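Quick notes on the structure that follows.
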Amino acid sequence: MVTSTLAARTLRAAAAVVTGLALLAVPSAAQAANGTVGVRETVCADSLFVRTEPLGAWMGTLYAGQTFTVKGPRQGGYIYGFAYGHVNRNGWVQDGWFC
C-alpha cells in the first residue's frame with residue numbers, strides 16, 4: 001500500500017512537471033507594451049490607426065513591424081509621436097500596442 005501511494009504521488013508530480021513544461025513550450029500571443037517616450041517603438045498590432053488627436057480623425061494606418069517614435073504626452077489611452085512608413089507624420093496612436 002505504501003508503495004502504491006508513493007507511486008501515485010510520484011506519477012502526479014511527474015505529470016505536473018510535464019504539464020508545466022508543455023505550457024512553457026506553447027508560443028503565446030505577443031505581449032504588447034506601452035510606448036516609452038524618446039524611443040522608436042515597433043508596432044505589434046496587426047494595424048494601428050494614426051489620428052489627428054486622441055479619438056480624432058483618421059490620418060493613416062501603421063501595420064505590424066512598422067515604427068513610431070514616441071514623443072508624448074499620453075492622453076486618454078493615446079500617445080503622441082511620429083509615425084514612419086507611408087504615414088510619415090506626427091499623430092496620435094492608441095498606446096499599448098508596441099513590441
Side-chain angles (χ1 to χ4, degrees):
M1 265 238 185
V2 173
T3 305
S4 64
T5 303
L6 181 58
R9 284 187 198 162
T10 303
L11 186 57
R12 281 194 298 264
V17 169
V18 169
T19 302
L21 291 174
L23 289 174
L24 291 175
V26 175
S28 63
Q31 297 296 317
N34 287 331
T36 302
V37 174
V39 175
R40 185 170 176 173
E41 301 278 9
T42 301
V43 174
C44 276
D46 289 336
S47 61
L48 186 61
F49 291 158
V50 182
R51 300 181 177 276
T52 57
E53 60 186 344
L55 295 174
W58 171 88
M59 58 195 270
T61 304
L62 289 171
Y63 296 96
Q66 292 185 318
T67 57
F68 182 85
T69 296
V70 179
K71 295 182 176 182
R74 286 184 167 82
Q75 183 179 331
Y78 285 78
I79 194 148
Y80 183 77
F82 187 84
Y84 289 88
H86 66 280
V87 179
N88 211 31
R89 63 168 70 170
N90 288 308
W92 294 82
V93 297
Q94 190 176 20
D95 201 7
W97 294 101
F98 303 107
C99 300

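Predicted model only: the values in this text are computed from it and were never measured. Excluded from the calculations below are hydrogen atoms, water molecules and symmetry mates; all remaining heavy atoms, backbone and side chain alike, are included. Here, residue 1 is the first one in the sequence, and each next residue gets the next number.
- With ring centers used as reference points, Phe82 lies under 6.0 Å from Tyr84.
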Validation: residues 91-99 side-chain donor-acceptor distances under 3.5 Å, sequence neighbours left out:
from  : atom 1 : to    : atom 2 : distance (Å)
Gln94 : OE1    : Trp97 : NE1    : 3.4
Asp95 : OD1    : Gly35 : N      : 2.8
Asp95 : OD2    : Arg74 : NE     : 2.7
Asp95 : OD2    : Arg74 : NH2    : 3.4

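- When every heavy atom of Val70 is checked against every heavy atom of Glu41, the shortest pair comes out as CG2-CG, 3.7 Å.
- For the pair Thr42 and Phe68, the minimum side-chain heavy-atom distance is 4.5 Å or more.
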Please set out all donor-acceptor pairs under 3.5 angstrom arising from side-chain atoms of residues 48-57, sequence neighbours excluded.
from  : atom 1 : to    : atom 2 : distance (Å)
Arg51 : NH1    : Gly56 : O      : 2.8
Thr52 : OG1    : Ala57 : N      : 3.2

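- Atom-to-atom distance recorded for Ile79:CD1 and Thr36:OG1 is 8.0 Å, nearest 0.5 angstrom.
- In plain terms, the two heavy atoms of Asn90 and Lys71 that are nearest each other are OD1-NZ, 2.9 Å.
- When every heavy atom of Cys44 is checked against every heavy atom of Ala64, the shortest pair comes out as O-CB, 4.3 Å.
- More than 12 heavy atoms of other residues, nucleotides or ligands sit less than 6.0 Å from atom CG of Asn88.
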